[in-house]
Q: 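Below you will find the structure I want to go over with you.
Per chain, numbering begins at 1; letters A, B, ... match sequence-line order. In this text the structure is predicted, and so the values were computed from the model without any measurement.
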Protein chains: 2
Amino acid sequence: MQQRRTTAGRTVRPASRVHARLAAAIGELILNGTYPPGSLLPNEAEWGRRFNASRTAVREAIKTLNGKGLLVSRPKIGSRVEPRERWNVLDRDVLAWHRAAMDEATFLRSLQEVRRILEPGVAVLAAARRSASQLQALESALAAMRSAPSPSEMVKADVEFHLRLLAAANNELLAPFAIIIEQALAAMFDYTTRHTAHPEVVLPLHTHVVKAIAAQSQERARQAMTALLDDTDAILAGQRGARPRA
Amino acid sequence: MQQRRTTAGRTVRPASRVHARLAAAIGELILNGTYPPGSLLPNEAEWGRRFNASRTAVREAIKTLNGKGLLVSRPKIGSRVEPRERWNVLDRDVLAWHRAAMDEATFLRSLQEVRRILEPGVAVLAAARRSASQLQALESALAAMRSAPSPSEMVKADVEFHLRLLAAANNELLAPFAIIIEQALAAMFDYTTRHTAHPEVVLPLHTHVVKAIAAQSQERARQAMTALLDDTDAILAGQRGARPRA
DNA sequence: GGGCGTAGTTTTGTAGGATAATTGTGCGGA
DNA sequence: TCCGCACAATTATCCTACAAAACTACGCCC
């Protein structure tokens with residue numbers, strides 16, 4: 001951690017979001033099991049020594065983790081790691097630390113499982129309630145997928161498509177799942193080269209979904225989305241020639 | 001905000017989690033639209049004046065909200081409210097503030113919608129993967145529902161049942177939904193007196209779910225859970241004589 | 001000797017003041 | 001007109017001192 005001297009001679013550190021780095025560092029230690037649920041974290045002074053930061057910065061980092069449900073702090077006791085079911089695993093940061101802490105394939109499978117549960121239902125809601133402009137947004141995302149010049153552009157448009165579908169469901173309690181879709185598709189892209197390399201299959205599947213939603217047919221929307229996810233699952237299972245990069 | 005004097009004569013407030021109260025107060029102001037997404041919050045000194053708290057406490061409160069995705073703070077700019085899709089609406093506190101800020105019936109409908117999407121899929125996963133002890137936990141929760149001496153005990157056991165079902169799905173990314181189930185059932189209990197007053201219907205529906213999961217039949221589990229949710233929906237729709245409590 | 005109350009100790013919670021870093025804004029000059 | 005620089009406002013960090021809370025342990029009283 002770089003330091004420098006002021007004119008007054010006091011040793012200070014640049015004020016560049018120390019607490020954010022602390023929060024990330026401590027968060028990863030919790031996610032990777034160094035401090036399991038129920039265990040007690042070192043006290044604030046100790047963290048300060050370990051990371052060469054002031055107690056104030058440590059406290060703010062801990063408050064951030066507090067807000068994410070990873071910790072509870074009490075006087076005289078210290079900060080205790082909460083049970084996993086209290087964690088906000090759908091939080092952007094928490095999910096990122098999670099990903100860093102676990103096996104890539106397992107992580108991806110968990111994400112995909114949630115998508116399988118969720119997205120057919122989302123498609124049904126979207127079919128029932130999408131507005132005209134939401135339908136249009138969906139169609140333009142599909143068009144972007146069609147004309148994507150590169151695989152990475154294709155993935156980007158793909159993410160956009162699914163996010164807009166989620167938005168079209170018009171239930172804001174579903175919003176946190178956006179992060180799952182983003183991470184799942186990004187992880188797919190990292191994990192298999194094959195994923196983006198078969199637009200001839202993916203594009204018709206997406207088109208079916210849009211058509212069903214345009215027609216406001218809930219059952220067809222569900223089936224189309226299920227078929228789409230079946231395809232993704234097949235890739236993950238390695239049955240369509242997926243090859244892990246690494 | 002109560003104050004008192006120390007021997008030194010300085011005016012202080014009891015150190016009883018001021019930052020938590022501040023976080024709740026500011027959180028509610030955001031949720032209820034006083035500070036809409038994209039808007040700028042008053043600066044830290046102003047909050048301090050308004051709530052008669054030190055800047056330290058204000059900062060910790062803001063860091064908590066930061067952790068929940070409601071805010072981002074940057075030097076010179078201040079704290080800006082994030083767009084809604086970044087909010088951790090599944091966070092315990094955020095959901096509570098949410099509930100306080102919106103119409104009870106609408107809130108309940110949103111929750112119930114998510115349950116409809118989710119729980120059939122959860123039942124499928126549980127049927128496929130539940131361990132013997134998880135099945136046993138499910139059965140004992142059902143037994144507790146059967147022998148519940150009062151409506152409120154019944155609801156408690158009901159919540160427990162659904163939480164254990166969620167746990168039996170063995171996918172920790174689903175954990176955040178626990179809060180939705182808890183809130184939905186609690187809100188139902190507040191909103192309709194009828195909900196807990198028909199064990200003769202509810203108990204068999206739950207029993208079917210357990211039987212399907214015991215038999216590891218995924219399709220039956222899905223259907224049983226769907227039937228259970230249909231019943232809840234009917235109550236919400238007022239078709240089974242639900243009467244709002246006022 | 002045992003139980004209960006109380007003082008002590010440790011740790012987080014709050015306060016307040018000082019300095020550094022960051023970035024929008026406006027002014028001036030090329 | 002546009003670019004760059006000084007300025008100002010605000011958060012970021014640090015420090016120190018106390019206050020509050022809760023576990024510990026001791027001692028007093030019965």
Q: Taking NZ from K63(A) and P from dA12(D), how many angstroms apart are they, rounded to a whole number?
A: 16 Å
Q: Would you indicate which nucleotide in dT11(C), dT14(C), dT10(D) comes nearest to any side-chain atom of N43(A)?
A: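 The answer is dT11(C), which lies nearest to the side chain.
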Q: Nearest whole Å is fine: how far is dA22(D) P from R80(A) CZ?
A: 13 Å
Q: Could you give the CZ-to-P distance, from F51(A) to dA12(D), as a whole number of Å?
A: 20 Å
Q: Would you say K76(A) reaches dG13(C)'s phosphate, i.e. side-chain N/O to OP1/OP2 under 4.0 Å?
A: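 Result: no.
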Q: Would you say dT14(C) has OP1 or OP2 under 4.0 Å from some side-chain N or O of H19(B)?
A: yes
Q: Tell me if a side-chain donor or acceptor on R80(B) pairs with a main-chain N or O of V72(B) at a distance below 3.5 Å.
A: no
Q: Heavy atoms only, 4.0 Å cut-off, all strands: where does T56(A) land among base, sugar-phosphate and nothing?
A: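 Contact class for T56(A): base.
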Q: Go through R49(B) and E46(B) one step at a time and tell me if the salt bridge (Lys or Arg N to Asp or Glu O under 4.0 Å) criterion holds.
A: CA-CA 5 Å; R49(B) 272 191 298 278; E46(B) 169 61 21; 3.1 Å; yes
Q: Taking for each residue the nucleotide of DNA chain D bearing the nearest heavy atom, is the 5' side occupied by I77(A) or by A20(A)?
A: A20(A)
Q: Report the distance from atom CD of E46(A) to atom C1' of dT11(C), rounded to the nearest whole Å.
A: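 Whole-Å distance recorded here is 14 Å.
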Q: Taking atom P of dT11(D) as reference, at what distance in whole Å does atom CG of L65(B) sit?
A: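 Interatomic distance, CG of L65(B) to P of dT11(D): 14 Å.
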Q: Let me know the distance between CG of L22(B) and C1' of dG13(C), rounded to the nearest Å.
A: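 About 13 Å, once rounded to whole Å.
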Q: Output the single nucleotide from dA18(C), dG24(C), dT10(C) whose closest atom is nearest the side chain of R55(B).
A: dA18(C)
Q: In whole angstrom, what separates N66(A)'s CG from dG13(C)'s C1'?
A: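 Going from N66(A) (CG) to dG13(C) (C1'), I get 12 Å.
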Q: Does dT10(D) have its OP1 or OP2 closer than 4.0 Å to a side-chain nitrogen or oxygen of R74(B)?
A: no
Q: So, does R59(A) get its side chain near the phosphate of dG13(C), meaning an N or O under 4.0 Å from OP1 or OP2?
A: yes
Q: Quick one: OH on Y35(A) to OG on S79(A), what's the gap to the nearest 0.5 Å?
A: 11.5 Å
Q: Check for a donor-acceptor pair, side chain of R84(A) on one end and backbone N or O of E172(B) on the other, with a separation under 3.5 Å.
A: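 Pair absent, no side-chain N/O of R84(A) close to backbone of E172(B).
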Q: Should we say atom CD of E104(A) is surrounded by more than 12 heavy atoms from elsewhere, each under 6.0 Å from it?
A: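 Correct, the count exceeds 12.
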Q: To the nearest Å, how far apart are E60(A) CD and dT11(D) C1'?
A: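 Computing the E60(A):CD to dT11(D):C1' distance gives 10 Å.
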Q: Which nucleotide in the list dA12(D), dT12(C), dT10(D) gets nearest to the side chain of P75(A)?
A: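 Closest nucleotide among those given: dT12(C).
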